[in-house]
Colleague: 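Before anything else, here's the structure in question.
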Amino acid sequence: MSASLIRTKLAAAKEAYERKVALLVPAKIHPNHLTSFRLAIILLLPVAELYQISTQTIFWVVLVAGLSDGLDGITARQRHQITPLGTALDPIADKLFTLANLIVLWQRGLITETVIFWMLVLEGHLVVIPVLSFAYRVFGASPPQRQLAIRPSIFGKFKMICWVLGFCLSLMGSGYGWLSVSRLGHTLIYAGLFFSAMALIHYILDWFQEKY
């Protein structure tokens, strides 16, 4: 079987899967509503930590936020409802999701300062571009010659998948006393760091090639 045929079959399978997933979302719910819902859930995490809500409860909150992360993008693509606002909000929500989880996991002794340091090093600079892009769109200013947006990277997608699963499994393992599950979560967090480094290299090369 040729590589092109494999890619075609994978693309067809992905399209069929996304079509079925999009049907789960009622027609009245816009993808931006899902993104806004995710942002609201993310903001609950520091509050939950402040009031020392149980790890089991926080696990379910993080799980719902993680599921909504993929759902808004799939729905937007399938319904052709991709908007500048949604494109700007999604990466901001991703960064806030990561930051909120870092706070919770660190406060509960589930990750070390070293992991936090490398996450911030690899991810911190990426916050500026989505925020500036969002500001340009909101205030209607003309963007500079280089677009203030980050092109999607396959490494970035793998990174978020690893981190969402890693955060959820770390919290699940800790909350329910499942040590092996917690270890798997930590492994996925480290895998996410690797993909984050690869995404960073991709963004830098893309920038210097003036693809933005």
Colleague: Would you say Leu110 and Ile42 are hydrophobically clustered, going by side-chain heavy atoms of ILVMFWY under 4.5 Å?
Modeller: yes
Colleague: Mind checking whether Trp163 and Ser196 have side chains closer than 4.5 Å, heavy atoms only?
Modeller: yes
Colleague: Within the structure provided, determine whether Lys159 and Leu193 are in side-chain contact (heavy-atom separation under 4.5 Å).
Modeller: no
Colleague: So, for Phe59 and Leu171, which heavy atoms are closest and what is the spacing to 0.1 Å?
Modeller: CB-CB, 3.9 Å
Colleague: Check whether any side-chain N or O of His186 sits under 3.5 Å from a backbone N or O of Leu169 as a donor-acceptor pair, and report yes or no.
Modeller: no
Colleague: Is there a path of hydrophobic side-chain contacts, each under 4.5 Å between heavy atoms, that joins Leu63 and Leu165?
Modeller: yes
Colleague: Given the rule in the side chain to side chain contact (heavy atoms under 4.5 Å, CB included) test, do Met198 and Phe158 qualify, once you have shown the distances and angles that lead to the verdict?
Modeller: CA-CA 10 Å; Met198 296 300 294; Phe158 285 156; over 6 Å; no
Colleague: Indicate the atoms forming the closest heavy-atom contact of Ala191 with Cys162, along with that distance.
Modeller: CB-SG, 4.0 Å
Colleague: Between Ala199 and Gly156, what is the shortest heavy-atom contact and its length?
Modeller: CB-N, 3.8 Å
Colleague: Between Ser170 and Gly166, is there a donor-acceptor pair closer than 3.5 Å when you use the side chain of the first and the backbone of the second?
Modeller: yes
Colleague: Go through the steps to decide whether Val62 and Phe97 satisfy the test side chain to side chain contact (heavy atoms under 4.5 Å, CB included), and finish with yes or no.
Modeller: CA-CA 9 Å; Val62 171; Phe97 176 79; 3.9 Å; yes
Colleague: Going only through I, L, V, M, F, W and Y residues with side-chain contacts under 4.5 Å, is there a path from Leu67 to Leu39?
Modeller: yes
Colleague: Test of understanding: with ring-ring contact (aromatic ring centres under 6.0 Å, His included), list the residues that count as partners of Tyr176, not counting sequence neighbours.
Modeller: Trp178
Colleague: Provide the closest heavy-atom pair for Ile53 versus Ile58 in the form atom of the first, atom of the second, distance.
Modeller: O-CD1, 3.9 Å
Colleague: Flag yes if Leu184 and Tyr190 sit in one hydrophobic cluster, no otherwise; membership is Ile, Leu, Val, Met, Phe, Trp, Tyr, and two members link when side-chain heavy atoms are under 4.5 Å apart.
Modeller: yes
Colleague: Going through the distances and angles, do Phe37 and Val64 end up as a side chain to side chain contact (heavy atoms under 4.5 Å, CB included)?
Modeller: CA-CA 10 Å; Phe37 173 70; Val64 170; 3.9 Å; yes
Colleague: Any chain of hydrophobic side-chain contacts (each under 4.5 Å) joining Val164 to Leu99?
Modeller: no
Colleague: So which heavy atom on Val104 is nearest to which on Leu45, and how close?
Modeller: CG2-O, 4.0 Å
Colleague: Any chance you could measure Leu96, atom CG, to Asn101, atom CG, to the nearest 0.5 Å?
Modeller: 11.0 Å
Colleague: Check whether Ser36 reaches the backbone of Asn32 with its side chain - one donor and one acceptor, N or O, closer than 3.5 Å.
Modeller: yes
Colleague: Between Thr75 and His30, does the side chain to side chain contact (heavy atoms under 4.5 Å, CB included) criterion hold? Intermediate values first, please.
Modeller: CA-CA 8 Å; Thr75 305; His30 193 278; over 6 Å; no
Colleague: Mind listing the closest non-hydrogen atom pair of Ser54 and Arg108 along with its distance?
Modeller: C-NH1, 3.8 Å
Colleague: For Ser68 and Ala65, indicate whether the former's side chain and the latter's backbone hold a donor-acceptor pair under 3.5 Å.
Modeller: yes
Colleague: Please confirm whether the backbone N or O of Ile111 pairs with a side-chain atom of Trp106, one donor and one acceptor, at under 3.5 Å?
Modeller: no
